[in-house]
Amino acid sequence: MASNCSSPTVRLDPHGEVLGQRFSSYLAPTLKEAPAEAEIISHKLMIRAGLIRRLAAGIYNYLPMGLRSLRKVERIIRGEMNRFGAREVLLPAVQPAELWKESGRWEKYGPELLRFKDRHDRDFVFGPTHEEVITDLVKREARSFRDLPLNLFQIQTKFRDEIRPRFGLMRGREFIMKDAYSFDVDDAAADRSYKAMYQAYQNIFRRCGLKFAAVEAHSGAIGGNYSHEFMVLADSGEDAIAFCPACSYAANLEKATSRYPLTPGPKDGELIKTHTPNCRHVPELAKFLGVPPSSIIKSLLFLADRTEPILALIPGHREINLVKLKDALDGREPVLASPEEAEKIMGVPMGFVTPVGAKVKIVADLALERLQSGVAGAGEKDYHYLNAQIHRDFPVHALVDLVVVADEDPCPQCGQPLAIRRGIEVGHVFKLGVKYSAALGATFMGSDGQLTPLIMGCYGIGLGRTLAAAAEQNHDRDGLIWPMALAPFQVALLPLQIQNPDVAQAAETLLDELTSLGVEVLLDDRDERPGLKFKDADLLGLPLRATISEKSLANGAVELKKRLDRTVTTLPVAVAAQELKNLVETMLSPI
RNA sequence: CGGGAUGUGGCGCAGCCUGGGUAGCGCACCUGAAUGGGGUUCAGGGGGUCGCUGGUUCAAAUCCAGUCAUCCCGACCA
């Protein structure tokens with residue numbers, strides 16, 4: 001690169017990013033205190049370190065420092081997607097409503113979908129996701145099995161008008177997502193596409209230096225029949241995960257299953273009505289009758305889509321899982337009936353509702369068969385049945401898994417106790433099947449001459465969320481501690497007495513050496529006192545800090561401090577650049 | 001959308017309720033001097049239609065009404 005002696009060379013990396021940046025001319029406003037709006041640590045630190053600023057609820061500016069890290073996440077993702085055979089495209093953010101009407105999601109997606117009209121009064125949406133657009137594209141352009149398999153991805157801004165955006169980049173309304181879509185000729189091929197993306201995601205999050213788990217997930221509103229979520233483990237996570245420390249089992253709590261313990265009642269015992277005054281709730285009923293809560297059959301009245309009454313039966317020691325119940329109701333929304341509604345429909349106060357002879361549909365948890373018999377409401381105030389037996393005393397319309405797994409329930413794979421932990425969902429892979437291809441008529445001509453719907457998969461990663469999750473997982477009380485792969489710069493270079501020409505010159509020389517080796521450096525060239533520079537360096541959390549001072553130069557040395565473990569070593573000036581370069585390399589390759 | 005709260009210089013807050021009358025503190029910012037290894041000190045300085053609109057009043061940051069915005073708790077999701 002050409003240089004001239006009067007102006008400093010601007011060295012760029014292969015991506016066009018500046019390798020050696022000067023703090024004084026960089027927009028990196030650090031804050032002593034976080035704004036009151038920031039609640040969780042990653043949000044506070046990302047604002048304090050000058051990475052992001054809020055513009056409106058759930059809508060953020062990325063400042064230069066934040067953008068550098070975001071670009072790193074982006075490059076890691078792009079690299080792995082390309083490695084696993086996906087092709088990058090860029091689809092429009094603004095989409096005509098027709099496509100959404102065709103897929104049925106114009107009605108289904110709800111108020112989260114940002115809708116607007118153009119000057120001709122035509123309906124448009126700002127894309128929250130791109131199944132419609134991509135399927136439309138592929139159905140036009142990929143007509144034959146010879147064009148398949150196909151996996152297309154993009155990295156682009158989405159908008160979802162979340163009811164409650166929160167936690168900074170964690171749940172924004174406008175956010176940047178990598179979304180990929182695969183198209184295959186049959187199920188086996190679709191499985192291969194799915195597995196490839198699963199592996200790509202493992203690589204991506206590993207390279208980002210995150211502690212994460214891939215967990216079985218519920219498919220949610222996107223639809224489809226099989227999916228995994230990639231969860232970054234963090235106490236502030238919005239999701240709960242059931243986790244087996246002994247084997248590989250991990251699932252979103254919404255999805256997790258278990259043959260949890262319970263105390264079976266007698267087989268073929270006689271149905272007996274017994275007086276249970278004021279025993280409305282499981283704990284008092286269990287105490288009154290001297291039975292374990294698990295042998296009580298809890299009857300909960302729901303209204304499917306607020307209309308059809310449904311009685312859900314679960315053992316008394318577990319909570320109902322509304323997601324599972326919703327699936328059992330074919331996607332209709334279960335709303336718990338109010339005590340007044342329940343009394344009106346069932347004719348008895350809540351707590352004494354009975355499945356025996358009930359005129360409404362009954363959905364029961366699988367465990368009721370293992371239970372053999374149990375205590376159930378008798379349909380009469382202050383009375384319960386003993387030995388109520390599923391099938392014999394009350395028929396059920398569906399027998400399915402309905403409960404929320406509890407801490408230490410046995411793992412469905414190995415039987416060891418499960419642990420429940422919290423996580424941040426940074427990625428999600430779905431096997432979609434033919435949901436969109438069938439709705440939008442996306443078919444291909446097979447080798448047999450038949451038109452068949454494409455088998456689809458879709459795969460998302462939230463970039464800002466990944467960045468926030470990394471911050472959430474890597475910090476201490478002084479600030480951020482970036483994994484080398486995501487750090488905005490790899491080395492913080494701190495000349496402590498910038499007004500001393502020897503110190504300033506030594507820093508310039510080291511900056512030049514480092515950047516010529518391709519190391520990313522932030523030079524704190526501000527005329528500030530050492531304490532302030534140290535504080536800012538800690539807050540920014542660049543993994544390596546090189547300090548040059550009158551003191552260190554007297555020993556011909558540069559002081560090196562690692563942000564993570566705070567270990568300090570000194571390097572002779574002559575070899576400092578190369579040593580730092582080597583360190584960066586080793587810290588980049590994940591262990 | 002339901003429940004709870006908050007809006008006062010760039011950031012954090014006090015003042016309001018409980019007497020309606022000059023708008024205050026810390027940090028940041030600017031100038032000067034000293035200082036120079038963990039948010040330095042002193043002196044001086046700039047910056048606010050107190051979210052907005054309307055009302056009550058001689059007089060409103062303060063009382064009343066409406067409205068907007070932001071945050072927290074629930075359903076949704078990358």
Side-chain angles (χ1 to χ4, degrees), chain A residues 29-40 43-44 47-48 50 53-59 73 77 108-113 128-130 155-180 201 205 217-222 227 229-232 238-239 252 254 322-323 326 333-336 423-430 458-469 478-479 494-500 503 526-539 545 547-552 559 561 566 568:
Chain A
T30 56
L31 258 35
K32 260 189 183 172
E33 286 174 289
E37 81 209 21
E39 186 71 12
I40 61 170
H43 189 196
K44 286 182 180 172
I47 290 177
R48 284 189 54 208
R53 288 291 186 264
R54 191 186 64 84
L55 178 64
I59 300 179
V73 175
I77 292 173
K108 274 214 181 117
Y109 211 96
E112 257 182 57
L113 181 61
T129 174
H130 280 66
I155 295 171
Q156 184 213 37
T157 296
K158 311 286 189 211
F159 194 93
R160 293 182 189 173
D161 202 351
E162 299 274 352
I163 293 165
R164 186 148 93 86
R166 61 184 140 172
F167 301 155
L169 296 184
M170 205 72 92
R171 179 179 297 278
R173 291 192 294 167
E174 181 176 305
F175 62 102
I176 300 168
M177 178 161 109
K178 186 287 298 175
D179 47 328
Y201 276 35
F205 296 120
H218 185 262
S219 317
I222 303 277
S227 84
E229 287 165 341
F230 286 77
M231 294 281 193
V232 168
E238 295 185 89
D239 292 274
N252 193 305
E254 290 175 346
L322 290 176
V323 175
K326 184 175 174 179
E333 200 65 49
V335 182
L336 190 64
I424 300 162
E425 184 192 347
V426 288
H428 203 157
V429 293
F430 292 92
C458 77
Y459 318 92
I461 295 178
L463 304 226
R465 189 124 117 191
T466 300
L467 206 56
D478 291 316
L494 268 57
L496 292 192
Q497 301 87 13
I498 196 85
Q499 71 292 340
N500 177 327
V503 172
R526 297 173 298 175
D527 184 9
E528 295 288 355
R529 293 177 50 102
L532 187 141
K533 292 190 178 186
F534 290 141
K535 285 290 183 189
D536 271 352
D538 285 347
L539 179 60
R545 188 181 86 190
T547 305
I548 295 180
S549 66
E550 290 163 347
K551 210 184 279 181
S552 79
E559 180 187 294
K561 185 164 182 176
R566 297 166 182 271
V568 181

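Naming convention: chains lettered A, B, ... in sequence-line order (proteins, then strands); numbering from 1 in each chain. As the structure is a computational prediction, the values presented were derived from the model and not from experiment.
The backbone N or O of A/Tyr459 lies less than 3.5 Å from a partner atom in the side chain of A/Tyr201, making a donor-acceptor pair.
For the pair A/Ile77 CD1 and B/A78 P, the interatomic distance rounds to 14 Å; values are reported in whole Å. As rounded to whole Å, 16 Å separates atom P of B/A78 from atom CG of A/Asp161. Here the C1' atom of nucleotide B/C76 and the CZ atom of A/Arg160 are 10 Å apart, to the nearest Å. Remark: P of B/A28 and NZ of A/Lys535 are 14 Å apart, rounded to the nearest angstrom. At whole-Å resolution of the value, CG in A/Leu322 and C1' in B/C76 are 13 Å apart. Per the geometry, CD1 belonging to A/Ile59 stands 13 Å off C1' belonging to B/U70, to the nearest Å.
At a threshold of 4.0 angstrom between heavy atoms, the contacts of A/Ala38 with the nucleic acid are absent. Residue A/Asn252 is classed as having no contact, given no heavy-atom separation below 4.0 Å to the nucleic acid. A/Glu550 comes within contact range of no nucleotide atom at all, as no heavy-atom separation falls under 4.0 Å. Within 4.0 Å of A/Arg566, counting heavy atoms only, lies no atom of the nucleic acid at all. Using a 4.0 Å heavy-atom distance criterion, A/Asp536 is classed as a base contact. Counting any heavy atom pair closer than 4.0 Å across all strands shown, A/Phe167 reaches sugar-phosphate atoms only and no base atom. Residue contacts shown for A/Gly110 are absent, as no nucleic acid heavy atom lies under 4.0 Å away. Using a 4.0 Å heavy-atom criterion, one finds that A/Glu559 contacts the bases of the nucleic acid, with or without backbone contacts as well. Residue contacts for A/Asp239: at a heavy-atom cut-off of 4.0 Å it reaches a base atom on one of the strands shown. The residue A/Arg48 sits close to a base: some heavy atom pair falls under 4.0 Å. Using a 4.0 Å heavy-atom distance criterion, A/Glu162 is classed as a base contact.
Not a single donor-acceptor contact under 3.5 angstrom links the side-chain atoms of A/Asp538 to the base of B/G39. Interface remark: the A/Arg171 side chain does form a donor-acceptor pair with the B/C77 base, using a distance-only criterion of under 3.5 Å.
Stacking between A/Phe175 and B/A78 is shown: the ring centroid lies under 5.5 Å from the centre of the six-membered base ring, and the planes differ by under 30°.
Rounding to the nearest 0.5 angstrom, the gap separating the OG1 atom in A/Thr129 from the OH atom in A/Tyr109 is 6.0 Å. A/Leu496 contributes atom CG, which lies 11.0 Å from atom CZ of A/Arg529 (distance to the nearest 0.5 angstrom). Between atom CZ of residue A/Arg166 and atom CD of residue A/Glu39 there is a gap of 10.5 Å, rounded to the nearest 0.5 Å.
Shown here, B/G44 forms a base pair with B/C30; the pair counts as Watson-Crick or G-U wobble because both key distances fall under 3.5 Å. In this structure, B/A78 forms no base pair with any nucleotide, since neither Watson-Crick nor G-U wobble geometry is met with both distances under 3.5 Å. When both distances must be under 3.5 Å, the Watson-Crick or G-U wobble mate of B/A59 does not exist. Checking B/U70 for Watson-Crick or G-U wobble geometry (two distances, each under 3.5 Å) identifies B/A5 as its partner. A 3.5 Å limit on both hydrogen-bonding distances identifies B/U53 as the Watson-Crick or G-U partner of B/A65. Judged by Watson-Crick or G-U wobble contacts below 3.5 Å, the nucleotide B/G24 has B/C13 as its partner.
For A/Lys561, taking side-chain heavy atoms from C-beta onward, the closest of the listed nucleotides B/G38, B/G36, B/C76 is B/G38. Taking only side-chain atoms of A/Glu425, from C-beta outward, the nucleotide of B/A78, B/C27, B/G37 with the closest atom is B/A78.
For A/Arg529 and B/G37, the shortest distance from a side-chain N or O to OP1 or OP2 is not below 4.0 Å. An OP1 or OP2 oxygen of B/C73 is reached within less than 4.0 angstrom by a side-chain nitrogen or oxygen of A/Arg166. Note on A/Arg54: every side-chain N or O is 4.0 Å or more away from OP1 and OP2 of B/G10.
The aromatic rings of A/Phe430 and A/His428 sit parallel to each other, their planes meeting at less than 30°, with 60° as the upper class boundary.
Of the charged side-chain nitrogens involved, at least one lies within less than 4.0 Å of a carboxylate oxygen, so that A/Glu37 and A/Arg54 count as a salt-bridged pair.
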